[in-house]
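Written below as structure tokens is the structure these notes are about.
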Amino acid sequence: MESRSINIWSRIDKVVLLLYAVLVIWGWFSIYAASYNYDDISIFSLDGRAGKQLMWIGCASVIIFAIMMTESRMFEAWAYPLYVFMMFLLALTILIAPNIKGSHSWIVMGPVSIQPAEFAKFAVSLALARFMSAYNFVLTRNWNLLKTVLLILLPLCLIILQKETGTALVYISLVLMLYREGMSGFILMAGVGSITYFVLAMKYSSVSWGITPAGQAIVLILILTVMIAMACRLYARRGAFRILFLVTALTAIVFGTINLFRPVNWVYMLFAAIAANSICVLVLSVKSNNPRLLHSISVAVISIVFLFSVNYIFNEMLEPHQQTRIRVAFGMEDDPRGAGYNVNQSKIAIGSGGFFGKGYLSGTQTKLKYVPEQDTDFIFCTIGEEMGFVGSVLLITLFVALIIRIITIAERQPGTFGRVYGYCVASILMFHLTINIGMVIGLCPVIGIPLPFFSYGGSSLWGFTILLFTLLRIDAARMERYR
């Protein structure tokens, strides 16, 4: 038993272990800097947040030891029971959790509060790895793809019911893992297109070009362009582009002529162009006996339906404070004392740090508490102010190095289980890093996403620690799993 334990610890990936230690320790010092207010509280004192975070780090060390001592096959064997238990806990949280800042996502047990959603990421990743590693599993089969998506959608919906939309959106990042495992690039492109259409439609929803709604016109131009590009790519013979371009040009000329006599809503012209191109694509499909050409028509129709559902999604499915945050992030509203206050103060703090920063514990914006949540979701502004551009780039570099190393570990796994789980971990970390820093510098709406290993809190630290070291345990045993 002793030799086996030594063998496991010697096989652990040292690069990931070092990066984890550096990020956690740096995060601990950053929490102390963010909560420091010129008093005599020590970094080790449990009266301050840094002292409490140190306690969470100590508990995380125990978790690491327990994971590394666990037989690696247990993760695969217990994947489904853990998933079922976690879904039950998420549903229970909706019913028993108190209202904390508008959400019902924290289970309070005396002085300790636990957020189950942080641990659900681990359970969902394991369940996906177990399901997708089944014998003869092929993701491109419709039934398999549907069941895989349902495994992801169930926790996403439960977390949305807890009013934790930001945490729920993390599960969308798992589409990157699905793409690696063979999901059609068409679905990935549809997801990227949906986000693009939503942003453009909302950004320019209040802008008009004469009697033409600018948001709708811009998105319809993109839809028409994508449709023509797809049709030309799928058509086996040359000449498709000339035909579709000529049809579009003729439609534009007809509406341009009408515009000489009366104002034209160019949205109608774009609809007519898409309809005319659809007829041409249908004819080309029949003539060439190529039904795949019809995919371009399907994409156009689905995109148009989505475009005209944007207002409903925005007005009916999002909470008022989420709507305000999106408007502020897209520059549709100026609310420096309300929804835009956090981001404005954060950008001021980061900008004041300059190239080299003001020095540790010397930041004025953060020390005077101008930035709300500066030791949780907005902790990156503390690093930007005290360590400047250099420190910010170094932090991002360390995270990118960690994600690349995780992908490397995933790719060297001899089985599907380890590879799928590794890509789940990489996708989740990438999403957290991108969205957290994006919202702190004003590129994304504020949705309450913590920065891994930096944001204060035991649930976040433990959740990411479990995610990461389960992968390291699976990787350490990769040679003995398939002997």
Side-chain angles (χ1 to χ4, degrees), residues 2 5-6 8-37 39-72 74-75 82 86 89 105-123 360-361 373-377 379-380 382-383 395 398-399 402 406 425 428-429 432-433 436 450-476:
E2 183 180 352
S5 300
I6 294 173
I8 288 298
W9 286 105
S10 65
R11 287 183 178 181
I12 193 171
D13 191 275
K14 305 301 188 300
V15 175
V16 172
L17 187 62
L18 176 62
L19 288 170
Y20 171 83
V22 171
L23 290 170
V24 168
I25 293 171
W26 190 353
W28 177 47
F29 278 101
S30 297
I31 289 170
Y32 181 65
S35 57
Y36 182 76
N37 57 0
D39 53 23
D40 295 329
I41 294 181
S42 166
I43 192 174
F44 300 101
S45 173
L46 293 179
D47 293 330
R49 288 209 159 186
K52 293 176 182 176
Q53 185 71 9
L54 182 60
M55 184 173 65
W56 306 140
I57 293 172
C59 294
S61 302
V62 176
I63 292 172
I64 292 170
F65 181 81
I67 291 173
M68 296 306 296
M69 290 296 101
T70 301
E71 171 61 48
S72 62
M74 294 296 291
F75 296 112
L82 277 173
M86 214 64 233
L89 192 58
S105 59
W106 293 86
I107 296 178
V108 180
M109 298 177 291
V112 179
S113 298
I114 298 294
Q115 189 176 22
E118 290 294 337
F119 303 100
K121 302 167 190 174
F122 162 69
Y360 187 62
L361 301 181
E373 310 295 340
Q374 63 188 23
D375 54 2
T376 53
D377 296 343
I379 196 167
F380 184 74
T382 302
I383 296 154
L395 174 66
L398 290 175
F399 270 110
L402 176 62
I406 290 171
V425 176
I428 291 169
L429 282 174
H432 272 268
L433 174 67
N436 178 271
L451 185 63
F453 314 120
F454 274 74
S455 295
Y456 170 79
S459 294
S460 174
L461 176 62
W462 295 348
F464 285 115
T465 298
I466 293 171
L467 262 177
L468 187 59
F469 279 87
T470 298
L471 175 64
L472 295 187
R473 180 63 184 90
I474 293 170
D475 179 63

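Note that the coordinates shown come from a computational prediction; the quantities given were computed from them, not determined experimentally.
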Across all chains, not counting sequence neighbours, the side-chain contact (heavy atoms from CB on, under 4.5 Å) partners of Phe65 are Trp9, Met69
Can you name the ring pair (Phe, Tyr, Trp, His ring centres under 6.0 Å) partners of Phe44, sequence neighbours left out? Trp28
Spatial distance of atom CG (Leu402) from atom CG (Leu468) [nearest 0.5 Å]: 6.0 Å
Residues in ring pair (Phe, Tyr, Trp, His ring centres under 6.0 Å) with Trp26, at least two apart? Phe454
Distance (rounded to the nearest 0.5 Å) between Arg11 CZ and Arg473 CZ: 9.0 Å
Can you list the steps and then say if Leu467 with Leu429 is a side-chain contact (heavy atoms from CB on, under 4.5 Å)? CA-CA 10 Å; Leu467 262 177; Leu429 282 174; over 6 Å; no
Is the closest side-chain heavy-atom distance between Ile107 and Pro116 below 4.5 Å? yes
Passing option when His432 is tested against Phe453, Phe464, Phe380 for ring-ring contact (aromatic ring centres under 6.0 Å, His included): Phe464
Tell me, which pairs form a side chain to side chain donor-acceptor pair (under 3.5 Å) where one or both residues lie in residues 458-470, sequence neighbours left out? Tyr20-Thr465
Looking at residues at least two apart in the chain, or sitting in another chain, which of them share a side-chain contact (heavy atoms from CB on, under 4.5 Å) with Leu472? Ile12, Asp13, Val16, Ile409, Phe469
Contact summary for Leu361 and Ala33, nearest pair of heavy atoms: CD2-CA, 3.6 Å
Within the 4.5 Å heavy-atom criterion, are Leu23 and Leu395 side-chain neighbours or not? yes
Would you be so kind as to tabulate the donor-acceptor pairs closer than 3.5 Å made by side chains of residues 48-64, with sequence neighbours excluded?
residue: Arg49; atom: NH1; partner: Asp375; partner atom: OD1; Å: 3.3
residue: Arg49; atom: NH1; partner: Asp375; partner atom: OD2; Å: 3.3
residue: Gln53; atom: OE1; partner: Gly457; partner atom: N; Å: 3.0
residue: Ser61; atom: OG; partner: Ile57; partner atom: O; Å: 3.1

Taking the inter-plane angle between the rings of Tyr360 and Phe29 on a 0 to 90° scale, is it parallel (under 30°), tilted (30 to 60°) or perpendicular (over 60°)? perpendicular
Who passes side-chain contact (heavy atoms from CB on, under 4.5 Å) against Ser455, sequence neighbours left out? Ile379, Pro450, Leu451
Might you point out which heavy atoms bring Ser35 and Ile31 nearest each other, and give the distance in Å? OG-O, 2.8 Å
